[in-house]
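The structure appears right after this line, and notes come after that.
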Amino acid sequence: MRVKAIMMPFSKLACISVENTVEEAMKIIDEQGLLSLPVVDGQQFVGVLSKQFLFEEFFRNYTGTREEFAQRKVMEFMKTRIETIGENTRIEEAAAMFITSKVRFIPITNEQNKLLGIVTQQAVFKEYQKIFGNKHNSMAIYTYDIRGVLGKICELIAKEGGDICNMMVIPTDVMDLAEIFLRVEAPDFERVVRVLERHGYDVRDVKYNDQK
């Protein structure tokens with residue numbers, strides 16, 4: 001899936017201009033309940049203004065009055081070295097960026113640096129929640145041999161009337177060992193698990209859809 005499917009489009013974003021004052025920016029941040037905002041010039045992406053950075057600047061480095069600080073321009077405090085992505089970037093790439101950085105959101109721009117929208121941590125986590133779920137039958141199968149295994153597993157599940165809703169192959173820290181995560185709907189999910197185990201599969205982390 002591409003980030004354009006889960007991004008918040010520019011038309012729905014709260015943005016600020018380089019010419020806005022700190023006071024105006026803070027008003028938007030507080031009213032929207034945000035921690036940072038995209039800074040734009042028209043629709044051109046310029047940078048990001050962080051509420052935390054403003055506070056740090058005021059309390060650690062600023063020697064003037066609060067009123068004077070409030071009238072300073074956003075362009076003085078925004079961060080411009082911000083990594084952006086295109087709308088066709090895969091969601092897993094965005095997730096990796098969130099893991100390795102402290103950003104609250106990732107700007108999505110086109111080749112002309114026009115801001116198309118943003119993708120947030122929450123939006124990415126919701127997609128992963130759909131995959132793993134919390135009210136569905138699921139299990140993990142551990143195997144050293146992926147080639148041919150997936151087809152056999154799917155065949156066994158289908159013979160028991162099961163329907164695979166989601167499947168994910170996850171490498172582990174053990175050499176050549178992979179975890180196959182499966183979400184399965186079946187008339188008798190417990191029977192599906194027993195059949196797989198009877199055929200020699202290492203089935204773990206079984207969760208039934210009636211578990212809270």
Side-chain angles (χ1 to χ4, degrees), residues 1-9 12 33-36 50 52 82-108 116-212:
M1 183 182 288
R2 313 291 177 171
V3 293
K4 62 183 176 183
I6 63 169
M7 75 176 185
M8 183 180 296
K12 295 184 179 180
L34 304 171
L35 295 173
S36 57
S50 163
Q52 179 180 345
I82 304 296
E83 189 171 2
T84 64
I85 58 176
E87 62 181 352
N88 288 315
T89 301
R90 291 187 177 277
I91 289 177
E92 55 265 34
E93 294 179 46
M97 290 175 65
F98 281 126
I99 292 171
T100 57
S101 68
K102 296 181 180 179
V103 296
R104 303 289 181 177
F105 62 84
I106 303 172
I108 300 171
L116 305 178
I118 64 171
V119 60
T120 63
Q121 291 179 354
Q122 185 179 30
V124 171
F125 293 155
K126 281 183 177 179
E127 287 307 305
Y128 279 98
Q129 176 71 26
K130 290 178 184 178
I131 294 173
F132 289 100
N134 60 358
K135 295 182 180 179
H136 302 278
N137 297 322
S138 65
M139 60 181 154
I141 297 175
Y142 288 78
T143 178
Y144 285 99
D145 181 19
I146 293 296
R147 185 175 298 177
V149 167
L150 291 178
K152 292 176 183 177
I153 290 173
C154 293
E155 183 180 354
L156 289 171
I157 292 173
K159 282 183 178 179
E160 299 303 322
D163 181 22
I164 298 174
C165 303
N166 291 99
M167 177 186 292
M168 182 180 295
V169 179
I170 307 167
T172 70
D173 293 331
V174 180
M175 187 178 297
D176 297 329
L177 181 65
E179 174 187 348
I180 304 171
F181 173 84
L182 296 159
R183 265 182 55 195
V184 178
E185 294 301 327
D188 189 343
F189 180 63
E190 190 172 357
R191 177 178 171 81
V192 171
V193 173
R194 289 199 305 268
V195 166
L196 289 168
E197 289 175 333
R198 197 161 57 240
H199 280 78
Y201 292 105
D202 183 6
V203 182
R204 308 181 193 177
D205 301 326
V206 177
K207 181 179 181 298
Y208 298 94
N209 61 12
D210 59 347
Q211 290 179 228
K212 302 299 182 181

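- Residue pairs meeting the salt bridge (charged side-chain N to carboxylate O under 4.0 Å, His left out) criterion with at least one partner in residues 154-170, sequence neighbours excluded, are Glu155-Lys159, Glu160-Arg191.
- Between Ala186 and Val192, the shortest heavy-atom contact is CB-CG2, 3.9 Å.
- Nearest heavy atom pair, residue Glu87 against residue Val3, reads O-CG2, 3.4 Å.
- Residues satisfying the ring-ring contact (aromatic ring centres under 6.0 Å, His included) test with Phe189, not counting sequence neighbours, are Tyr208.
- The nearest pair of heavy atoms linking Val103 to Ser101 is CG2-OG, 3.2 Å.
- Here the side chains of Thr143 and Ile153 are not in contact, with every heavy-atom distance at 4.5 Å or above.
- Among all heavy-atom pairs drawn from Pro107 and Ile118, the shortest one is CA-CG2, 4.2 Å.
- Between the CE atom in Met7 and the CD1 atom in Ile108 there is a gap of 5.5 Å [rounded to 0.5 Å].
- In this structure, Ile106 and Phe98 have side chains that are in contact, with non-hydrogen atoms separated by less than 4.5 Å.
- The number of heavy-atom neighbours closer than 6.0 Å to CZ of Arg104, taken from other residues, nucleotides and ligands shown, is 12 or below.
- For the residue pair Ser50 and Ser36, the shortest heavy atom distance occurs at CA-CB, 4.0 Å.
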Notebook entry, point to check: Does the pair Tyr201 and Val149 meet the rule for a side chain to side chain contact (heavy atoms under 4.5 Å, CB included), with working shown?
Noted result: CA-CA 10 Å; Tyr201 292 105; Val149 167; 3.9 Å; yes
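- The two atoms that bring Leu182 and Met167 nearest to each other are CD2-CE, 3.3 Å, heavy atoms only.
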Next item on the list: Step by step, work out the side chain to side chain contact (heavy atoms under 4.5 Å, CB included) result for Val184 and Met139.
Entry: CA-CA 8 Å; Val184 178; Met139 60 181 154; 4.1 Å; yes
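- Put simply, the side chain of Glu92 never gets that close to the backbone of Met1: no donor and acceptor are under 3.5 Å apart.
- Ile82 places none of its side-chain heavy atoms less than 4.5 Å from the side chain of Phe105.
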